[in-house]
Every structure is written in structure tokens, then in C-alpha cells.
Amino acid sequence: MSIADNLKQYKSEVESDGVTLVAVSKTQPVESILEAYEAGQRVFGENLVQEMVDKAAELPKDIEWHLIGHLQTNKVKYIAPFVKLIHGVDSLKLLQEINKQALKNKRVIDCLLQVYIADEDTKFGLGFDEVVELLRAEEFSQLENIRIVGLMGIATNTKNEKQISVEFNELKVFFDGIKVSFFRKDEAFKEISMGMSADYKLAIEEGSTMVRIGSSIFGKRVIKHFKPNISAN
Ligand SMILES: *Cc1c(COP(=O)(O)O)cnc(C)c1O
């Protein structure tokens, strides 16, 4: 199946559940992104700052770019002018930098707090207690140019579907608690970004509002497929 066919199939499947599809285009060339764009996709996810900046410069301006990978504070400035949503925020320090760069660009940047749900050492993210601590911090309440619109999580990379569902469920239950405690009157706090190619169905069953699907749409990632012409950093 072509990229356009895959895209249409996943888009209609997840949207029928009211879930947003983030087409993860990391490592894919601009031609492939354009094919998905022409098939109707507008939301794309990238995990590297420079790659996202370069692609955004070359591609249509109505694309919503989501940064889904780990973000270093010193690179926030490159994406601050245009990024639509930052999925992987995992420290107050990073939020403060996003706030600073958003202010410089006279905008408010939407962010998701990445929560650690996997049974693995390698994943980034905040523990449940750290999320609460961050939201209670005096410094957090002063940030006017960021908006927390929800939570994001990555389940353990395992074939054990029961375990994956339990992890997604933990994130959903935690989200509900955070919503009541901190965002009761805030309609913008509504997103749970969870689910990738291998586990998006389980994620949707457990309450995901946003799935990040890459290889099932674009095919296997080719290492270093994308070669930027311009250098952002
Ligand atoms: C690469 C990536 C995805 C997409 O993974 P696929 O298995 O290709 O669907 C989703 N989320 C994050 C954070 C990623 O880095």
C-alpha cells in the first residue's frame, strides 16, 4: 500500500474514535510527507529539532508540527516560532525555557508533560510525584507563555499486551486525577498522547486522545534518509 493509502486508513480509523493522528515523519524525506499531506494529513511529528526546522521551511505552512522526542533546553529557540505542540516536556527548567522563547515570539506554546509509565530504564519522563511537584511549584504558576494541554507517555516495548494496557490505564487514571486537582476549569487540558504503530489500538481502548504513528504509515525508517540542506544549529 502507498503512503497515501496507509494514511487515509489510519486517519479514518482513529478519527472515528475521536482521536488525533500524529503522523510521525522522522527520517522520512519531504516527498513522503507531501504525499501524506496531499492525502489530507496536517499533523506531523518529528523527534529531532534540526530536522523539524529544515522540513518546516520546505513544506506547506499549514502543517502543524509536533515535537515528540526529547527536547534539550538549548534547542527550544529554533522551534519556538512555529511548533504547535511539544509532547516530551519533562522538567520545570525546560518549561521555563519554552516559556522564555514563546514570550520572545509573542506566543503561547502548548505542551504535554511526559510521564514515565514504562518498566524500562531508557525512557525519559517525570514520575507521578514529580508531575504533582511541578504543577504545585511557585515558578510554574508564573509561566504565562506556556499552556499544559495534557500528558504523554510511552509504554514498555514488549509483546505483553496486558502489561501495555495496564501502563496506558495508569496514565489515564493519573490524567483524570490531575485534571480534577489542577485543571478542573481548564478546557484546554484534555489530551493524552499515547500509542504508536505497535500499540495504538490498546492505547485508544485505554483512553488515548492522540496517537503517534510512524512506520505503519511511512514504512520502515531508513537511517539518515533525510538530508537537510540548511543548518539550523
Ligand atoms: C518514533 C516515535 C513514534 C512512532 O513510532 P512508530 O513505531 O514508527 O509508529 C511515536 N512516538 C515517539 C516518541 C517516537 O519517537
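In listed order, ligands and their atoms are each counted from 1. Everything numeric in this text was worked out from a predicted model, so none of it was measured.
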Open item on the list: Quick one about Gln163 and Glu167 (side-chain donor to acceptor, distance below 3.5 Å, no hydrogens or angles considered), yes or no?
Closed with: yes
Open item on the list: Test of understanding: with salt bridge (charged side-chain N to carboxylate O under 4.0 Å, His left out), list the residues that count as partners of Glu97, not counting sequence neighbours.
Closed with: Lys100
TODO: Establish, from distance only, whether the side-chain atoms of Glu120 and Thr156 form a donor-acceptor pair under 3.5 Å.
DONE: no
Open item on the list: For the residue pair Asp90 / Tyr116, report whether a side-chain donor-acceptor contact shorter than 3.5 Å exists.
Closed with: no
Task: Glu46 and its side chain to side chain donor-acceptor pair (under 3.5 Å) partner, picked from Gln28, Lys26, Lys55 - done: Lys55
TODO: Enumerate the protein residues lying less than 4.0 Å from ligand 1, judged by heavy-atom distances, in chain and residue-number order.
DONE: Val24, Lys26, Ile68, Ile154, Met196, Ser197, Arg212, Ile213, Gly214, Ser215, Arg221
Open item on the list: For a quick check under 3.5 Å, do Tyr10 and Gln41 share a side-chain donor-acceptor pair by atom type?
Closed with: no
